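A quick note: this is a predicted structure, and the numbers were derived from the prediction, not measured. Numbered from 1 within each chain, the chains take letters A, B, ... in sequence-line order.
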Amino acid sequence: MSNATVVLDAGDGNITARIHNNHVVFPVLSYTYPLKLLSPRIQQDGVAVVYMMTYGGGLVGGDRISLSINVEQDAQLVLLSQGSTKVFKARSGVRAAARSTARPPDSTTMQRLDVSIAAGGALFLLPDPVTCFRNASYRQAQTFRLAHGASAALLDWYTSGRRARGEEWAFARYYSVNEVFVSSVRSARDVVLLEAMGTESASDVCGEFLPRRTLADRMGPYSCYATLLLYGPLVQGVIRELEDRVQKITVFQVREPLDVLWSLSPVSGQTNGRIVRVAGKETEEVKKWLSDALRGGLVSVIGDEVYSKTFI
Amino acid sequence: MQVDKETYLLLLLSDANLPTGSFVASAGLESTAAHALFHVPATPPGSDTLAFLRNSVDTYARSTLPFARDAHRVTTAYASGEMTELDEALQALSRLDALYDASTLNHVARRASCAQGAALLTLYARGFTRPPFLMLKTPTTYLPLLDERENRAGALVAALKLRVRRGDSNAPGHLPICWGVLAGALGLTVDRGAYIHLFLHARGVLSAAIRMNALGPYAAQQLLLHAVKHMVDDALTSTAHVVSGALQDEIDPEHAEDRLPATTWPLGDLLAARHDLLHSRIFNS
């Protein structure tokens with residue numbers, strides 16, 4: 001709130017993390033309703049934790065969150081949430097099957113994240129997953145600009161919905177863009193679009209001839225999907241751990257789909273980044289997998305106390 | 001009977017013996033089967049292949065086809081002389097290639113795409129250019145029919161091929177970009193080029209299914225005739241307005257989800273990325 005010169009729109013937030021006498025301080029930490037940012041006190045030097053929260057623990061149709069983060073040289077920031085981001089359905093009157101062009105502009109829930117990380121700095125973005133409820137429409141755009149020598153572990157994950165109420169892939173639309181630039185060169189662009197098939201007029205032509213396939217048919221038997229992007233010197237321990245694990249895998253013909261599936265791919269180009277994809281039948285299994293896979297590599301960087309706040 | 005040039009080109013391009021390297025690619029089908037996610041119990045034979053095909057064709061059309069269309073447009077513009085400079089065309093193709101490379105985050109798909117892209121450029125250079133002896137009217141005079149368009153198209157493909165061959169980091173030579181260049185160089189329309197490309201993708205998956213013994217060759221023909229047509233038509237129609245984003249000015253983020261490429265089948269991507277972990281495999285992807 002110290003940055004009084006910036007007028008924030010609803011849902012806007014700004015964070016600047018800076019190293020001062022071995023501690024991470026926040027020259028800027030501002031936010032407006034419905035976004036809330038909290039930074040608990042941490043013993044560990046050189047690291048800070050910020051929780052991103054929303055009032056009421058969820059977002060409704062039309063809510064827009066836009067967070068800008070600036071991680072300065074040698075500062076390490078861990079960004080967490082408290083519980084999954086729940087996205088409630090679009091406002092009434094919007095049919096799930098309506099064509100996007102006919103959708104009123106205020107019905108989609110939107111989250112933007114713009115991050116820049118200076119050399120020696122690091123962002124560990126390890127939130128809980130996004131859960132879109134029945135008929136919800138959600139759009140997320142995250143852009144990460146890394147200087148040469150910056151580090152990042154960027155987790156983005158989502159679940160099939162409110163399974164306790166029998167909702168499985170019952171949202172109207174989920175659209176997510178993650179883009180990483182290293183030294184101003186685009187290194188990765190990951191775009192996912194999930195929507196019920198057969199809702200567009202053209203697909204109905206197909207539907208006359210072919211059996212209809214739902215989003216659940218396409219996503220199942222898994223109900224939680226995660227993507228983890230890894231860049232820079234401070235995640236080399238995590239990368240080594242994952243490389244070791246993947247080398248031990250040999251897939252013989254399996255009889256039943258595995259409970260958790262994951263893959264590791266190098267990102268193209270000179271950046272030496274990695275992308276990890278995980279799918280699990282249960283969210284808890286994916287969470288456990290992530291927590292185990294990252295622990296060894298990250299505890300040595302951000303410390304036990306901070307790591308114990310992640311994946312809980 | 002006089003067959004128009006485009007129809008004749010379709011006959012050539014849809015030849016299953018065309019050396020495009022597609023016979024070593026299964027587009028993730030082999031890995032999907034190994035992970036017990038292909039066969040659907042208690043469904044009629046062929047419906048598992050059909051389900052895979054729909055997911056695969058849908059995500060391919062939405063994520064990859066826009067790059068083929070844009071590369072085709074660049075090639076047409078250069079070949080026709082509307083775009084005058086060769087460097088301008090090469091730079092546009094290089095922007096497309098770089099964006100596709102950054103958007104293809106699965107290393108197995110990236111490898112297969114580069115191998116097939118390079119094969120297409122070789123196919124044009126060695127299989128579709130006019131042999132020198134067919135340019136000569138008499139031993140000393142050239143035929144007048146060798147037109148400017150063909151010259152310019154040939155020059156563009158040759159220059160791109162050289163870059164890809166050199167391992168130029170600006171020219172990974174991805175399949176959709178090389179397909180767009182080939183189809184544009186041959187003078188097909190953009191829509192026709194996209195149509196054949198998507199059809200060949202679907203047929204490639206069916207061929208892989210036959211090699212894996214998941215489907216018989218007759219059943220594959222039945223699917224091609226009675227299901228694949230609708231699937232391809234549908235995917236083409238619903239993605240006709242999608243552009244790569246590499247050549248267009250910044251697209252309003254409010255409309256990005258309707259106008260720009262996206263993956264619509266994340267599970268397929270994950271399974272394809274696990275291909276190299278299979279204990280035994282017939283295909284390279």
Are the side chains of A:P129 and A:Y158 in contact, using a 4.5 Å heavy-atom criterion? no
Do A:I117 and A:Y231 have side-chain heavy atoms sitting under 4.5 Å apart? no
is_close_aromatic(B:W265, B:F52), centroid dist under 6.0 Å: yes
Can you tell me how far the CG atom of B:L121 sits from the CZ atom of B:R163, to the nearest 0.5 Å? 12.5 Å
Kindly compute the distance separating CZ (B:R259) from OG (B:S244), expressed to the nearest 0.5 Å. 10.5 Å
Measure the spacing between NE2 of B:H35 and CG of B:L270 and express it to the nearest 0.5 Å. 8.5 Å
If you tally heavy-atom pairs under 4.5 Å between each of A:I275, A:V278, A:L261 and chain B, the highest tally belongs to A:L261
When A:R112, A:Q253, A:M219 are compared by non-hydrogen pairs under 4.5 Å with chain B, the top option: A:Q253
For this output row, return yes or no: ring centroids of A:Y138 and A:F171 closer than 6.0 angstrom. no
Which bit of A:F252 comes within less than 4.5 Å of chain B, counting heavy atoms only: side chain, backbone, both or neither? both
Other residues, nucleotides and ligands only: do more than 12 of their heavy atoms fall within 6.0 Å of CZ on B:R165? no
Polar contact flag, side-chain donor to acceptor under 3.5 angstrom, A:R277-A:T227: yes
Heavy-atom cut-off 4.5 Å, strictly under: side chain, backbone, both or neither for A:E256 against chain B? backbone
So which of B:L99, B:T59, B:D269 has the largest heavy-atom pair count under 4.5 angstrom toward chain A? B:L99
Quick one: what part of A:L229 sits under 4.5 Å from any heavy atom of chain B, side chain, backbone, both or neither? neither
Got A:V276 and A:L242 here, is their nearest side-chain heavy-atom distance under 4.5 Å? yes
Checking A:S187 against chain B: side chain, backbone, both or neither under 4.5 Å from a heavy atom? backbone
Taking heavy atoms only and a threshold strictly under 4.5 Å, list by residue number the residues of residues 206-215 of chain B that touch chain A; give 'none' if the list is empty. none
Side chain, backbone, both or neither: which part of B:L267 has a heavy atom under 4.5 Å from chain A? both
Sort B:P261 into side chain, backbone, both or neither according to what part of it lies under 4.5 angstrom from a heavy atom of chain A. backbone
Scored by heavy-atom pairs under 4.5 Å with chain A, the best of B:A256, B:S63, B:S169, B:A98 is B:A256
Which of these passes side chain to side chain donor-acceptor pair (under 3.5 Å) with A:T131: A:T283, A:T85, A:T159? A:T159
Classify the ring geometry of B:H201 against B:Y60: parallel below 30°, tilted from 30° to 60°, perpendicular beyond 60°. parallel
Should the pair A:R186 and A:F181 be classed as cation-pi, given the thresholds of under 6.0 Å to the six-membered ring centre and 45° from the axis? no
Could you tell me whether A:K287 and A:E282 have a side-chain N and a carboxylate O separated by less than 4.0 Å? no
For chain A, which residues of residues 273-285 of chain B have heavy atoms nearer than 4.5 angstrom: B:A273, B:R274, B:L277, B:L278, B:H279
Are side-chain heavy atoms of A:R218 and B:R54 found at a separation under 4.5 Å? no
Below 4.5 Å from any heavy atom of chain B, which atoms of A:A188 appear? Answer side chain, backbone, both or neither. both
